[in-house]
Amino acid sequence: MIYLGTFIISTLFSFVSYNNNEIFINNTKKKRIIFSFLAVFSVSLLAGLRSENIGTDVLVYGNTVFYNMTNSTGLISYYFDAIDIFRLEPFYLFINYVVSRFTNTYWIFYFILSFIINSCFYMAAYVLKNKIYPSLSWLIYLLFFYSYTLNIMRQSLATGLMILAISLMIENKIKAAIPFLLLSLLSHYSTGVVAVGLFFVFFLFKKSKNPLKTFGILLMVSLLIVIGIQPISRLLLNINILPQRYSIYFTGERGAGFSLNALILKLPLIFYSVKKINKIKSNDYIFFFFLLMLIFDFLFYQLRIINIVFSRLSFYFGVFQIFSFPYLIKNYVTTVSERKYATIIYISFLTFIWCYQIIYSGVNEIYPYSSIIGW
């Protein structure tokens with residue numbers, strides 16, 4: 001299968017780029033950059049060469065916005081002339097504009113967009129290379145998140161920028177993080193708002209003298225939000241603080257039931273966190289931040305009971321799983337054999353989930369893969 005085959009090739013490129021063993025490569029900085037580029041390039045090319053029927057958003061707004069941009073006289077004129085559905089976030093439109101200045105071929109645009117998104121995640125793992133195993137994080141990203149980048153493109157761009165900003169903040173590079181945080185906001189407004197919120201949440205953990213206590217408080221606050229979001233939102237609607245156009249999200253029959261699948265997907269991480277609970281340092285704010293993101297993912301996904309649209313909120317929290325497992329393995333597993341077996345089991349689990357969701361359930365509508373060059 002072309003997806004899994006490309007994931008393996010890309011991960012091997014990433015592994016070689018980080019491996020200092022001379023059996024693989026005399027790992028100079030230049031060669032490391034080349035192999036990192038190949039890791040990102042391989043999966044980005046797969047995205048660029050996909051047919052128009054791979055990923056629903058391609059035909060919803062992707063092609064239309066790009067083709068309209070190729071015929072526009074400028075970015076600003078396009079923004080003000082476009083009808084609302086195609087007047088999208090500025091940074092996403094900016095990428096469209098730049099690419100449309102030298103080509104009117106849509107697959108080149110999708111390749112460049114994918115390369116930017118994938119690079120954000122790859123660089124985020126690189127930034128945290130002293131705290132996680134970057135190649136393992138990259139493979140988890142490919143199995144867990146990459147399929148979404150072929151579909152919800154603006155959200156994926158914003159989420160990649162958000163992840164890069166948070167990773168820089170973890171490494172105390174606040175000034176470097178802020179531009180990526182702003183670009184996230186300008187790529188997809190709702191994602192950007194979540195990104196700013198998570199930036200603040202991580203700041204609370206980082207400055208806390210008792211991260212475990214902070215974790216408990218934030219968990220209680222999130223539970224209150226999930227339980228009270230519907231009555232609070234209706235109250236805000238009734239007193240006209242919240243615009244009436246948002247009423248469609250809180251009325252009608254657009255909800256879905258409670259999801260156990262959301263819990264099953266997190267069981268390996270939950271199990272391993274519990275298994276290592278005695279070794280977890282009470283001042284390890286990075287661990288408690290990742291754990292809170294895992295819980296947020298599950299809790300906010302359940303808002304689909306109100307409206308299925310709310311399930312996407314969990315998307316922005318769940319993506320931190322690309323760091324959670326590598327962080328646990330590197331910092332709380334001391335033996336090589338345990339690291340090896342735990343990694344094999346977890347990657348096998350993710351591969352099974354990927355096959356079930358993508359092939360059997362048709363999530364993101366990207367299978368079977370078809371290409372503009374006949375693959």
Side-chain angles (χ1 to χ4, degrees), residues 120-121 123-125 127-128 131-132 137 141 144-145 155-229 232-233 262 266 269-270 273 277 280-303 310-328 331:
C120 286
F121 285 96
M123 288 189 294
V127 168
L128 297 177
K131 294 180 173 64
I132 64 172
S137 178
Y141 159 73
F144 179 77
F145 191 84
Q155 292 95 323
S156 298
L157 174 63
T159 304
L161 291 163
M162 176 191 74
I163 283 288
L164 182 53
I166 298 295
S167 68
L168 287 166
M169 189 175 183
I170 291 174
E171 290 297 313
N172 298 313
K173 299 176 181 179
I174 309 298
K175 291 182 179 179
I178 290 175
F180 293 106
L181 189 67
L182 294 176
L183 286 177
S184 176
L185 183 61
L186 295 174
S187 298
H188 190 258
Y189 295 134
S190 62
T191 310
V193 170
V194 172
V196 172
L198 292 185
F199 207 74
F200 177 70
V201 167
F202 184 79
F203 183 80
L204 289 178
F205 271 111
K206 190 175 179 64
K207 295 299 181 181
S208 174
K209 294 181 179 179
N210 189 338
L212 180 58
K213 183 179 179 180
T214 303
F215 169 82
I217 293 172
L218 291 173
L219 180 58
M220 290 302 298
V221 170
S222 66
L223 283 170
L224 291 174
I225 291 174
V226 171
I227 294 170
I229 189 170
I232 292 172
S233 300
K266 294 156 190 59
L269 271 175
I270 294 172
S273 297
I277 195 67
I280 304 297
K281 301 172 185 176
S282 60
N283 64 344
D284 188 349
Y285 61 90
I286 297 175
F287 169 79
F288 287 111
F289 174 75
F290 288 156
L291 181 60
L292 188 65
M293 294 302 100
L294 188 69
I295 296 172
F296 275 9
D297 180 14
F298 174 73
L299 289 178
F300 284 91
Y301 189 78
Q302 304 312 320
L303 290 177
F310 286 123
S311 63
R312 283 195 176 184
L313 278 174
S314 67
F315 177 79
Y316 310 124
F317 308 123
V319 71
F320 284 93
Q321 290 183 53
I322 69 173
F323 296 146
S324 302
F325 183 76
Y327 183 82
L328 270 174
N331 294 278

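We're numbering straight along the sequence, starting at 1.
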Exercise for review: Kindly indicate, with the supporting measurements, whether the criterion side-chain contact (heavy atoms from CB on, under 4.5 Å) is fulfilled by S273 and F287.
Suggested key: CA-CA 9 Å; S273 297; F287 169 79; 4.1 Å; yes
Review point. Does the pair S187 and L161 meet the rule for a side-chain contact (heavy atoms from CB on, under 4.5 Å), with working shown?
Key: CA-CA 9 Å; S187 298; L161 291 163; 3.4 Å; yes
Check your understanding: Between S137 and F121, does a side-chain contact (heavy atoms from CB on, under 4.5 Å) hold up when you go through it step by step?
Key -> CA-CA 9 Å; S137 178; F121 285 96; over 6 Å; no
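Here the CG atom belonging to L328 is positioned 12.0 Å from the CD1 atom belonging to I132, to the nearest 0.5 angstrom. Interatomic distance, S190 OG to F315 CZ, rounded to the nearest 0.5 Å: 10.5 Å. For the atom pair K206 NZ and I170 CD1, the distance stands at 8.5 Å (nearest 0.5 Å). Remark: I286 CD1 to S324 OG distance equals 11.5 Å, nearest 0.5 Å. One distance of note links CG of L185 with CE of M162; it measures 12.5 Å at 0.5 Å rounding. Distance check: F199 CZ to L204 CG gives 12.0 Å after rounding to the nearest 0.5 Å.
For A124 against I163, the heavy-atom pair with the smallest separation is CB-CG2, 3.5 Å. Summarising the geometry of S184 relative to A158, their closest heavy-atom pair is OG-O, 2.9 Å, with the distance given to 0.1 Å.
Donor-acceptor pairing under 3.5 Å is lacking for the side chains of Y316 and T159. Between the side chains of K281 and N331, no donor-acceptor pair is found at a separation under 3.5 Å.
For the ring pair (Phe, Tyr, Trp, His ring centres under 6.0 Å) test with F289, the passing option among Y327, F320, F296, F323 is F320; the others fail.
A search for side chain to side chain contact (heavy atoms under 4.5 Å, CB included) contacts involving L294 returns K266, L269, I270, L291, Q321, not counting sequence neighbours. Listed by chain and residue number, L299, F300, L303 satisfy the side chain to side chain contact (heavy atoms under 4.5 Å, CB included) test with V226 (two or more places apart in sequence, or in another chain).
Counting heavy atoms from C-beta on, the side chains of L198 and F317 come closer than 4.5 Å. With contacts defined as side-chain heavy-atom distances shorter than 4.5 Å, the pair Y285/T214 does not qualify. When side chains are defined from C-beta on, L182 does not count as touching P179, because their heavy atoms never get closer than 4.5 Å.
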